[in-house]
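Side chains are part of it too, since the values below use all heavy atoms of this structure and drop only hydrogens, waters and symmetry mates. Throughout, residue positions are numbered sequentially from 1 according to the sequence presented. Every value quoted in this text rests on a predicted model; they were computed, and no experiment measured them.
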Amino acid sequence: MWCWLRLADVVSRAHYAGRITYVTRRGQRLAAIVPAELAEAIERAEDAADVAAAREALARIDEGDTPVPLTELRRELGL
């Protein structure tokens, strides 16, 4: 059973030592406590990938590709 002091230790280890700690239930990983710098780097990488994908899509449209209508996209995604 966790107590707040142990959680504070885990957070401190993430911050000061760069340690990643997984939160598990019955041996299955559910979440992770990671250094903020790592989470921020991951977010920056995801943002960069999103921007690159958007630029690529816009370039394809500029080259004459037809955009997919929202209704068709929703149908394909089952929404």
Nearest-0.5 Å distance that lies between atom [atom1] in [X] and atom [atom2] in [Y]:
| X | Y | atom1 | atom2 | value |
| --- | --- | --- | --- | --- |
| R75 | L70 | CZ | CG | 11.0 Å |
| R55 | R60 | CZ | CZ | 14.5 Å |
| Q28 | R25 | CD | CZ | 8.5 Å |
| T66 | I61 | OG1 | CD1 | 9.0 Å |

Could you check whether atom CD of E76 has more than 12 heavy atoms from other residues, nucleotides or ligands sitting under 6.0 Å from it?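 Check passes, neighbour count above 12.
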Joint cluster assignment, I42 & Y22, ILVMFWY side-chain distance < 4.5 Å: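 Yes: a chain of side-chain contacts under 4.5 Å links I42 to Y22.
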Hydrophobic clusters here meaning ILVMFWY residues chained together by side-chain heavy-atom distances under 4.5 Å, can you tell me if V68 and L79 are in one?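 Yes, V68 and L79 fall within the same hydrophobic cluster.
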Tell me, with the steps shown, if L7 and I33 meet side chain to side chain contact (heavy atoms under 4.5 Å, CB included). CA-CA 10 Å; L7 179 59; I33 298 172; 3.9 Å; yes
With the side chain counted from C-beta on, respond yes when [X] and [Y] share a heavy-atom pair under 4.5 Å apart, and no when they do not.
| X | Y | answer |
| --- | --- | --- |
| I20 | L38 | yes |
| P69 | E72 | yes |
| V10 | R6 | no |

Which atoms form the tightest heavy-atom contact between A14 and P35, and what is the distance?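 Scanning both residues, the minimum pair turns out to be O-CG, 3.2 Å.
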